[in-house]
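Below is one structure, written out as structure tokens; comments come after it.
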Amino acid sequence: MIYEYEGKTEKEAIEKAASELGLERDQFDVEILETQKNSLFKKGYVRIRVNPVDSPDASHAGNDNRMYETSARIVADPLPQDEFEKKLLEFVDTIIEKMGYDVKTEIVFREARKIGIKMNSQNSSILIGRKGKNLDALQLLANIYAGRLGHEDVRIILDSENYRIRREESLVRLAYTTADKVHQTHNSILLEPMNPFERRLIHTTLNDIPDIDTKSEGDGLYKQVRVLYKGVR
């Protein structure tokens, strides 16, 4: 189950989520959906999305970013099927064009509460960015816009050049390689900062590996996963 909370600051919103859900801070992941700074006429606020790490959604970590999991997704009609999808594609097109790049967007899959959008561009490497951070930023904007259209319960997944699935495969390999090193040396290893979906993938991949444990460290959207040895030294 995914929840949304709002506070004057990110810390206040997170504390409210922890209190109402009865969870410790390390038992859920946080994604910042929207921020509003204080102004003359408006009070500042931060709106976050919270996903408990032991929830059914979290147990399928890779699925949020896996673009081409079933044949039904691959053959999805790429044209918008309603006004919401039309406005969504137009929004993504407009943002990228204002960045100075040409792009053609299309729908690649539709699921209950989830829509996948593929961005075709000669400048895909720029749109993806280092470690996918530009892609994540564009995806965040698309999700905020979807919420403003009244579809805050729909998760928008953006991809380009199959980056999401390539990144997923790379992280799975990294997880197993790191676990092997930790098992041999008995020393923990701290991985690079990752977004919530990538961290869940690491946690899930190593969840059943004997003598290996994982935990997230840090604050904000991009936290790090530490892989630890929990066996007998």
Side-chain angles (χ1 to χ4, degrees), residues 2 29 31-35 47 49 51 57 60-174 192-202 220-222:
I2 295 176
D29 280 319
E31 178 181 358
I32 299 175
L33 295 179
E34 187 175 6
T35 60
R47 186 160 63 93
R49 175 180 285 148
N51 189 8
D57 288 338
H60 298 285
N63 292 350
D64 270 341
N65 284 335
R66 184 169 294 177
M67 296 288 290
Y68 308 108
E69 191 175 59
T70 68
S71 59
R73 286 181 173 181
I74 297 174
V75 299
D77 190 336
L79 299 178
Q81 300 297 295
D82 53 31
E83 190 65 18
F84 169 59
E85 291 187 359
K86 179 181 178 182
K87 288 184 177 181
L88 194 58
L89 292 183
E90 289 176 349
F91 175 77
V92 176
D93 286 342
T94 299
I95 288 180
I96 296 173
E97 287 168 2
K98 286 184 178 295
M99 291 170 61
Y101 306 112
D102 293 327
V103 69
K104 177 178 174 55
T105 55
E106 59 182 351
I107 305 292
V108 291
F109 71 79
R110 296 178 183 86
E111 290 186 350
R113 298 190 302 171
K114 192 180 297 182
I115 295 176
I117 297 177
K118 183 179 181 181
M119 302 183 297
N120 300 298
S121 173
Q122 293 183 339
N123 303 102
S124 291
S125 60
I126 296 175
L127 299 182
I128 293 170
R130 187 175 182 275
K131 303 295 185 181
K133 288 192 174 183
N134 291 350
L135 189 60
D136 287 342
L138 290 168
Q139 181 170 287
L140 175 59
L141 291 175
N143 277 279
I144 292 174
Y145 183 69
R148 290 181 175 176
L149 293 177
H151 292 267
E152 59 276 350
D153 61 331
V154 178
R155 176 72 181 165
I156 310 302
I157 307 296
L158 293 189
D159 198 11
S160 185
E161 299 291 340
N162 292 344
Y163 172 80
R164 296 290 187 196
I165 194 168
R166 289 189 287 109
R167 174 66 169 164
E168 180 178 318
E169 292 170 348
S170 174
L171 288 174
V172 169
R173 289 194 298 270
L174 173 65
E192 66 191 62
M194 301 177 188
N195 65 39
F197 308 107
E198 293 174 339
R199 293 198 306 275
R200 286 193 203 107
L201 179 59
I202 298 293
L221 180 63
Y222 286 87

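- Here the shortest heavy-atom pairing between A142 and L158 reads CB-CD1, 4.4 Å.
- Checked for salt-bridge contact, K133 and E192 miss the test: no charged N lies under 4.0 Å from a carboxylate O.
- Look at E198 and K131 and you find no salt bridge, because none of the NZ, NE, NH1 or NH2 atoms lies under 4.0 Å from a carboxylate O.
- Between the side chain of T94 and the backbone N or O of E90 there is at least one donor-acceptor pair closer than 3.5 Å.
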So F197 and Q139, side chain to side chain contact (heavy atoms under 4.5 Å, CB included) or not? Walk me through it. CA-CA 13 Å; F197 308 107; Q139 181 170 287; 4.3 Å; yes
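- L89 has its side chain within reach of I107: a pair of non-hydrogen atoms, C-beta onward, lies under 4.5 Å apart.
- Contact check for L171 versus M194: side-chain heavy atoms found under the 4.5 Å cut-off.
- Residues M119 and L138 meet the side-chain proximity criterion, which asks for heavy atoms closer than 4.5 Å.
- In this structure, D153 contributes its side chain and R113 its backbone to no donor-acceptor pair below 3.5 Å.
- Between the OG atom in S160 and the CD1 atom in I126 there is a gap of 11.0 Å [rounded to 0.5 Å].
- When all heavy atoms are compared, the tightest approach of I156 to A146 is CG1-CB, 4.0 Å.
- Taking 4.0 Å as the cut-off between side-chain N and carboxylate O, D136 and R164 count as a salt-bridged pair.
- With hydrogens and angles ignored, the 3.5 Å screen pairs no side-chain donor or acceptor of E106 with any backbone N or O of K118.
- Of the possible donor and acceptor atoms, one in the side chain of Y163 sits under 3.5 Å from a partner among the backbone N and O of G132.
- In this structure, R155 contributes its side chain and K114 its backbone to no donor-acceptor pair below 3.5 Å.
- Side-chain atoms of S121 come within 3.5 Å of backbone N or O of D102 as a donor-acceptor pair.
- In terms of heavy-atom proximity, P80 sits nearest to E85 at CA-OE1, 3.4 Å.
- Inter-residue side-chain proximity for L127 and L135 is flagged as unmet; no heavy-atom pair is nearer than 4.5 Å.
- For the pair Q81 (side chain) and L79 (backbone), a donor-acceptor distance under 3.5 Å is present.
- Taken to the nearest 0.5 Å, the CZ atom of F91 stands 12.0 Å off from the OG1 atom of T105.
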